Amino acid sequence: MPNELPKAYDPAAIEQKWAEFWVREHIFDSFAQAADDTSAKPFTMLLPPPNVTGRLHMGHMLNQTEMDILARWHRMRGEDSVWVPGTDHAGIATQMMVERQLASEGTNRKVVGRDAFLDRVWQWKAQYGGAITGQMRRLGASVDWSREYFTMDDNLSAAVTEAFVRLYEQGLIYRGSYIVNWDPVQQTAVSDLEVEHKETAGKLYSIRYPFADGSGSIVIATTRPETMLGDVAVVVNPADERYTALVGKTIKLPLVDRDIPLLADEWAKPEFGTGAVKVTPAHDPNDYETGKRHQLAELTIMDETAHIALPGSPYDGLERYAARERILADLHALGLLVEVKDHTLAVATSQRSGAVIEPRLSMQWFLKIQPLADKAIAAVEEGHIKFTPANYAKTYFEWMRNIHDWCISRQLWWGHRIPAYHCPECGTTCVSRTRPERCGSCDHAEMQQETDVLDTWFSSGLLPFTVFGWPGEQGTTATPDSARYYPTDLLVTGFDILFFWVARMIMFGTHFMLDVPMPDGSPRTLADAVPFREVYIHALVRAEDRQKMSKTKGNVIDPIEIIERFGTDAVRFTLASQASPGTDIAFSEQRTEGYRAFANKIWNAARFLFLQVERARAAGYKMRMGTGAQVTALPEITPMETRWIFARLRAVCAEVDRALKDYRFDEASNAIYQFFWGEFCDWYLELVKVRLDFPDMREGEAPIQNPETAISLAGLVGVFEASLRLLSPFMPFLTEELWHALYEGEAPAKSIALTRYPQPGDFPNDDAAVSAIATLQDLIVTVRALRKDLGVPEKEAAPILLHGDNRTLALADANRDMLARLARVSDVEFAQEPLTGPAARTGTGFDVLVQYERQIDVPAERERLTKELARLTKGLDAANRQLGNDGFLAKAPASVVEGLKKQQAETHLLHSKAQAALDALPA
RNA sequence: GGGCUGGUAGCUCAGCUGGUUAGAGCGCCUGCCUUACAAGCAGGAUGUCGGGGGUUCGAGUCCCUCCCGGCCCA
């Protein structure tokens, strides 16, 4: 027997080996790729591409565990499971990393220059960009590595250009000067989604603005006094009677001495501050709108770094907060600072750099979003995309219906450069797939490409079809891969990128793919234009105390470190067992310890099994380890416990199937756990030990083969082998190792991942065996409890007296050896009369009494019986009350009434017995 | 301000379209090194299902209301 397993499972000893094996042997390449087999139904998923700057965190681990379980499950069900991996170039994040590197060398990107800087980024990417995919390989994620992509690969970049040009030609992309969220640290525009609003304690300043004619003044309220340098008006609400008479007056803007009008506009809220607000169109989005309504000038007073840029002004060159202080001091000196109040405000910060956003008027590229959003909304409304949990569809609609045009340009260097070309001569801008030789207007020969790059999410929004070859050669027909794999089946992701990524993929998918005919040439409808048919949104992994993990709190759990301590399988199982939709996961090390124990349990069950096989062979039994994946019927002589465990396996397979269909990873993993530990190990292995009797073979004697023993051992091996397959999507490493060990080097497939997933129909049911084992379990548990209460020492066997129906008695009689082994029963005697007294107890269909001379602990027994009696009385009262209720009898379904009647009768019986036992206790 | 969501055993969470006496894991208590496993085995204790009201023959489950959390958007 080559299967000499160590006593305890050591994940570190096997995981590396299998992780490398799976990649080396291309186990997870799509079938079409690996065996040119296109008959299998595809199951396709796209990995949410981690940033190249990323390192694996618990969120990735959860995401990948869930996706891997599904990928493996579908693959084992015979589908062509294609899980496409890749990484995102992550514009800002990556650029920041390299800029930091340059800073440490005492230089910066502007000194280095654009081309050299990009070379540096590519170098950086080559060196560090593989960290996360390396970690994925280590985790055994069953992705198709042959399809791995990077969002800046040539083919994907070409697709980005194509998409941009098409949108431009369709009139959906425009360029213009608008107010945008400006990150003064990164010196780029960012989209609304990349801005976080933080409640911050600030001040509300009231400032007096005198009228130009000297007839008085008006007091305005602002949280940003420094922007007054760019004020072009003051507005009051038209309904605000305090100011009605003043509207139309001219104000002399303090410190600047510029004349600005006092206007009426709805934007001014009478209850806010003094009811009068200043208008700075170039530095506030609301003021920008107000300015547009009144055709006001837009005065930019700050540069890209949020320093005042007003040549000649005393504030010129001051950083915005320094300017604020100076301006407040000057206003104070002039007696114009009326009031300073504490005020909580939502400060907009840039998600990446943390810088306070400076709204800024600048030239940017925008995507007109409404036409795309309309189709994206329809796709979900019409049910072409299903969200799980379903309520995320509401969140999606909420956002989509209030969507604004998307600012897609970034003033960065790392990213897809916008395919627009400006003529330095006549100023014409054209958008083109290739660099134009000459200006279309003035024939100038040196067109200059737009320096802005695209928002990272522009390219990732296209991935569901660009990874499958879009646009292809013609640009209008499906590529072979997209014909086969588009739409993808499922997207698994976190809610944090619902808008960033999920919504954009839906918009781009329904926009671009709608133009690509179906493989048979027929026009594509919205139903087949969607990028995926289902979206499963998973939870957030939190720290054990339910706090969000964050670097600043220092409570970040590194999955790799946890894996090293507990093993990948245990960590995966922990996450799966806690992954119930809609609830965040509080990651618990204690729980992980529990699942490490589970892995060890499986390991030891295998050791037990291998030992039995060895013994059987020594006794002359011929054991074939391969039993076949499907067991349609068991031989006539099969003992009941083996019939039972197959029936249970069948039920568990059904439960796991159902649970995984509904993305109930928790229910699926718990079902397997219960089955394997609670039924297979705790009961089946103990019961079957009775059958596994292998006498030593004497020299020259023919082996005696007991058919029941042979069938029991075969059943044991068969159920164990099926359990490994059932478990393998959840614990791929352990199951791969044991499965190969079981087949002793002659496994029927290269990997357990390529075998058939156990289906309920693969195993026979047997109601009689199920009910027989249930009774036997009841009897054994009752006897064990009685023995404990009676104080029978663990090692000592004791006889029992049994009263009950014929079926129970026959069962006990036929299985004395099992009772002996599992409940230390030395002998079974039968009683004609019901049994009562402190040493007796009632189960379902029987009374049992343990014959042991030692006196029972009377007070303890009285307490136990009193409690039980109270419980039974409560149940009985409830049942009586309901059954005495005419309304219940008239309206409740017959099955419920019947069930209750049966239960009432049983409870009544138990109640009288418990009462009798209590009465029989000595005082 | 708008939207979404949660409050069930000491902890983390199940509990499907209302139907019998509310479950699991961990933890806790007691006894066992019973040769697959002490990362184990056996037995046991534990809940005013956030509060209040309502609908119903019947409510942890549906409705209203209040209290306390969380998340997203503005």
Side-chain angles (χ1 to χ4, degrees), chain A residues 5 7-9 192-193 197 346 348 389 391-395 397-399 402 495-496 498-499 540 542 544-546 548 566 570 574 577-580 582-612 658 662 664 666-667 669-671 673-674 677-678 681-682 685-686 689 780-781 784-789 791-795 821-824 860 864 867 870-879 881-893 895-904 906-907 910:
Chain A
L5 300 182
K7 190 168 167 179
Y9 173 50
D192 293 344
L193 280 176
H197 296 268
N391 58 286
Y392 279 107
K394 285 187 197 167
T395 311
F397 286 134
E398 194 63 27
W399 189 70
N402 296 293
F495 63 84
D496 51 330
L498 183 61
F499 307 139
L540 199 69
R542 293 169 171 277
E544 196 143 7
D545 56 2
R546 303 203 60 71
K548 225 174 185 167
F566 299 102
T574 307
S577 75
Q578 292 197 266
S580 70
T583 336
D584 286 347
I585 293 175
F587 187 81
S588 151
E589 278 195 20
Q590 255 181 2
R591 256 183 105 124
T592 315
E593 248 170 66
Y595 293 117
R596 177 184 60 179
F598 180 49
N600 191 53
K601 187 79 180 171
I602 298 161
W603 184 262
N604 276 290
R607 291 181 63 222
F608 170 77
L609 186 140
F610 294 156
L611 193 73
Q612 302 312 314
R658 201 226 87 242
D662 296 341
R664 291 305 301 260
D666 57 331
E667 290 180 352
S669 51
N670 288 335
Y673 181 95
Q674 280 309 328
W677 199 322
C681 290
D682 287 349
L685 291 187
E686 296 308 320
K689 276 176 184 174
I780 288 167
V781 168
R784 281 172 179 168
L786 255 179
R787 285 170 48 93
K788 184 96 171 172
D789 286 350
V792 184
E794 290 259 356
K795 280 185 175 168
R821 185 179 275 276
L822 275 80
R824 304 259 176 194
R864 189 188 69 79
K867 259 188 189 169
R871 188 177 61 84
L872 291 168
T873 305
K874 190 178 151 201
L876 202 55
D877 287 352
R881 202 177 327 115
Q882 288 230 66
L883 288 169
N885 184 328
D886 291 340
F888 173 73
L889 294 176
K891 292 182 183 175
S895 62
V896 172
V897 176
E898 213 171 292
L900 192 62
K901 274 185 181 160
K902 199 174 149 201
Q903 180 234 325
Q904 181 201 35
E906 279 167 14
T907 311
L910 288 172

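All of these numbers come straight from a predicted model, not from anything done at the bench. Chain naming here is simple, since letters A, B, ... match the order of the sequence lines and numbering starts at 1 in each. Side-chain atoms are counted along with the backbone in the values below, which use heavy atoms only and exclude waters and symmetry mates.
Of the C1' atoms belonging to B/G19 and B/C11, the separation is 31 Å, rounded to the nearest Å.
You won't find any donor-acceptor pair under 3.5 Å spanning the side chain of A/Glu398 and the base of B/G3, going by distance alone. A donor and an acceptor atom sit less than 3.5 Å apart, one in the side chain of A/Lys601 and one in the base of B/C37.
Between A/Arg591 and B/A39, a side-chain N or O to OP1/OP2 separation shorter than 4.0 Å is absent. For the pair A/Lys795 and B/A42, the criterion of a side-chain N or O lying under 4.0 Å from OP1 or OP2 is not met.
At the heavy-atom level, A/Lys901 lies nowhere under 4.0 Å from the strands shown. When heavy atoms are screened at a 4.0 angstrom cut-off, A/Ala785 is found touching the sugar-phosphate backbone but no base atom. Here A/Gln578 lies in heavy-atom contact (under 4.0 Å) with sugar-phosphate atoms only. Residue A/Leu498 is out of contact with every strand shown, counting any heavy-atom pair closer than 4.0 Å. Here A/Tyr9 lies in heavy-atom contact (under 4.0 Å) with a base. Contact annotation for A/Arg824: base contact, defined as any heavy-atom pair under 4.0 Å involving a base atom. When heavy atoms are screened at a 4.0 angstrom cut-off, A/Arg658 is found touching no nucleic acid atom at all.
Across A/Asn604 and A/Arg607, no two heavy atoms sit closer than the pair OD1-NH1, 2.7 Å.
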